[in-house]
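Heads up, the thing below is written out as structure tokens.
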There are 2 protein chains.
Amino acid sequence: MPLPPQVTDLSSLDLLLSVARLGSIGQAAAEHRISQPAASARLRHLERRLGLTLLHRTPRGSTLTPTGALIADWARTVVDAADSFAAAVQALRVTKESRLTVAASQTVAEYLLPAWLVALRVRQPDLAVTLQAANSADVAARLLADRADLGFVEGPDLPGGLDADTVATDRLTVVVAPSHRWARRRRGITPAELAAAPLVAREAGSGTRRALESALRERGVGEFAAPVLELSSTTAIKHAVGAGSGPAVLSSLAVSTELAAGALVAVPVDGLDLRRRLRAVWPAGRQLTGPARDLHSIARRHG
Amino acid sequence: MPLPPQVTDLSSLDLLLSVARLGSIGQAAAEHRISQPAASARLRHLERRLGLTLLHRTPRGSTLTPTGALIADWARTVVDAADSFAAAVQALRVTKESRLTVAASQTVAEYLLPAWLVALRVRQPDLAVTLQAANSADVAARLLADRADLGFVEGPDLPGGLDADTVATDRLTVVVAPSHRWARRRRGITPAELAAAPLVAREAGSGTRRALESALRERGVGEFAAPVLELSSTTAIKHAVGAGSGPAVLSSLAVSTELAAGALVAVPVDGLDLRRRLRAVWPAGRQLTGPARDLHSIARRHG
DNA sequence: CCGAGCCATAACCTCTGCCTATGCCTCTGC
DNA sequence: GCAGAGGCATAGGCAGAGGTTATGGCTCGG
């Protein structure tokens, strides 16, 4: 199920947003460093591809039609996502002259860092950042070997030799489809019920899964039902849960949108603390300086 | 600030996701209806553009490298956003033979309908849907004139002649930057405080703003401070709030991600009910049938 | 009434990306 | 062992999308 060809070219959408902001095709063209006719043609093609009139073109500027404004709202979502993606990818490039190297664990790397890097880029456009995704032990090792300037870890155990500061919190959340019987319960479920339920899960070895099992063990539950389904992406899990395949346990960061819209329902678990601190870490005793301090403060503010 | 050229081509990312799922470049190529060499070249170009090795290519298939898996996770976000965009845009095309015409108010059209339409498309790929964005009165008029099959309205007042069913709830939410003094208060603020605060707002006439003022008037507050800043997009407002320009009042659907990550903080308002029901509506007495019923049930389940 | 700003059209060109054809490699099954 | 299937890479040829410059027409303000 490939993407329809109408949306594979983000530059047109980006151009449309520029026109919306600047009020003229020519100025938008300049911002994108293409000629005015090229911009005009691109927008015309966009209109033809979508089958919609997006712009009022007049001899003294161009404004969005009502339809165009709605399209622009939607487009902003896509372009923003692409922008975060770009910032994150940029940081994965191994640049020898990077002035900032970051090591981050899964949840932070997947959900939070892209946005932080966008914010960092606003403040320091030319800063080269390197990102290394790793588990907590690796993060610590890299920091202590001076192969990273700043790290982010999730979970309770803090590797030795590091100073830490909590920058965000997530919470493992039990989610079910609105039609699931758990969605209708007044009170939460018990840890034993959760452990006995066949979940939709990621492949074994994921940090989320380990964290869940450790929290349950703390409450004296040591036996877990086998997963009913193992999938490789969070998106696939969400879809499976929504389709009624069973409950799943995911980071609150992964499901916030679905919860707000009601596509999934969160089920509380009595007496089980599923919160996890997401912490910035750095070699003990050292003061963060320069870009590392900036990123830390962005993370703190954003999270 | 145009998008970097590395991410303007979503088809490469989409192709990468297919490879991740199917395990071979050739099969992914088939899914996208291009030749195997074309797919291979496209992926190679993607790797070169990003400066990263994403795939392990072997004579019996291709698998993602760890880096590739991380990239794929990020890419999924972008591609999903594009997919929703595409479904929504598709519905804006005025198709004479559409078998389903929907009229929706702002919040629903902007935040919820794209996802619902994706779900609807899964069930009925060939269904032609037309979407008309309108205010409540317009939605009602269109339904009664038989120019729409199903409508969605927000807010308390239900136009006459319609049957309705609540499918989702949103809540106008006061948000501030984490550094704002309201973020540190134990108890909520009072309606009078909110009314006296200069907000970051959308241009006058927005439904959100009207809803806020009407809720405040109900509580006996009739004077409102002038906005400190008026912006044209929700994204711009969120950025301004995060940068400390002041509080804003936005739909919970617009800020769920930022709240979960802590980038923005919600401030409760004592005794002010800012919930809004989002309702499906249709001509009174009529039974929903066919695709209209399907969309209604999707909306109900998703919201 | 003239000049500035904006958009459209036209003619030309470049270069990206696709396709077909083919070859090599690896694993499987006989 | 060996043959065949499936997978990826390379090569050559081609089409078209999208860019550029040059120019013209429209509208508004001074």
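Lettering of chains follows the sequences in order, A, B, ..., and the numbering in each one begins at 1.
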May I have the distance from [X] (atom [atom1]) to [N] (atom [atom2]), rounded to whole angstrom?
X	N	atom1	atom2	value
A:His56	D:dT27	NE2	P	15 Å
B:His32	C:dC18	NE2	P	12 Å
A:Gln27	C:dA4	CD	C1'	14 Å

Evaluate the side-chain proximity of [Y] to [X]: yes if any heavy-atom separation is below 4.5 Å, no if none is.
X	Y	value
B:Val249	B:Arg209	no
A:Val7	A:Val78	no
A:Val89	A:Phe85	yes
A:Thr63	A:Thr58	no
A:Trp116	A:Val102	no
B:Leu46	B:Leu13	yes

Verify the contact: side-chain N or O of A:Arg57 to OP1 or OP2 of C:dC6, cut-off strictly under 4.0 Å; return yes or no.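 No, A:Arg57 has no side-chain N/O under 4.0 Å of OP1/OP2 on C:dC6.
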
A:Ser24 vs C:dG5: side-chain N/O to OP1/OP2 distance below 4.0 Å: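 Looking at the OP1 and OP2 atoms of C:dG5, neither is under 4.0 Å from any side-chain N or O of A:Ser24.
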
Check side chain to side chain donor-acceptor pair (under 3.5 Å) between B:Gln124 and all other residues, then give those that pass, not counting sequence neighbours.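 For B:Gln124 the side chain to side chain donor-acceptor pair (under 3.5 Å) partners, ignoring immediate neighbours, are B:Asp294.
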
For A:Arg57, which residues count as a side chain to side chain donor-acceptor pair (under 3.5 Å) partner, sequence neighbours excluded?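 Partners of A:Arg57 under the side chain to side chain donor-acceptor pair (under 3.5 Å) test: A:Ser40, A:Glu47.
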
Can you check nucleotides 27-30 of chain C for protein contacts, nitrogen or oxygen pairs under 3.5 Å, and list what you find?
{"unit_1": "C:dC27", "atom_1": "OP1", "unit_2": "B:Arg60", "atom_2": "NH1", "d": "3.4"}

Determine, for A:Arg121 against A:Asp83, whether the closest basic-nitrogen to carboxylate-oxygen distance falls under 4.0 angstrom.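 Between A:Asp83 and A:Arg121 there is a salt bridge, with a charged N closer than 4.0 Å to a carboxylate O.
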
Roughly what angle, to 10°, lies between the helix axis at the start of the helix from C:dC1-D:dG30 to C:dC30-D:dG1 and the one at its end, five pairs per end?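 Rounded to the nearest 10 degrees, the bend comes out at 30°.
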
Of all the nucleotides listed (D:dA9, C:dG5, C:dC7), which has the minimum atom distance to the side chain of B:Ile25?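 Comparing D:dA9, C:dG5, C:dC7 against the side chain of B:Ile25, the answer is D:dA9.
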
Minimum-distance nucleotide (side-chain atoms of B:Pro59 versus D:dG6, D:dC26, C:dC7):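 Ranking D:dG6, D:dC26, C:dC7 by closest atom to the B:Pro59 side chain puts D:dG6 first.
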
Before you tell me yes or no, could you show the steps for A:Ser12 and A:His45 under side chain to side chain donor-acceptor pair (under 3.5 Å), namely the whole-Å CA-CA distance, both residues' side-chain angles and the distance that decides it to 0.1 Å? CA-CA 9 Å; A:Ser12 303; A:His45 280 145; over 6 Å; no

What residues form a salt bridge (Lys or Arg N to Asp or Glu O under 4.0 Å) with B:Asp9, not counting sequence neighbours?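 In terms of salt bridge (Lys or Arg N to Asp or Glu O under 4.0 Å), with neighbours along the sequence ignored, B:Asp9 is linked to no residue.
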
Residues touching DNA chain C, which here means a heavy atom under 4.0 Å, drawn from residues 33-49 of chain B: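 Contacting residues: B:Ile34, B:Ser35, B:Pro37, B:Ala38, B:Arg42, B:His45.
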
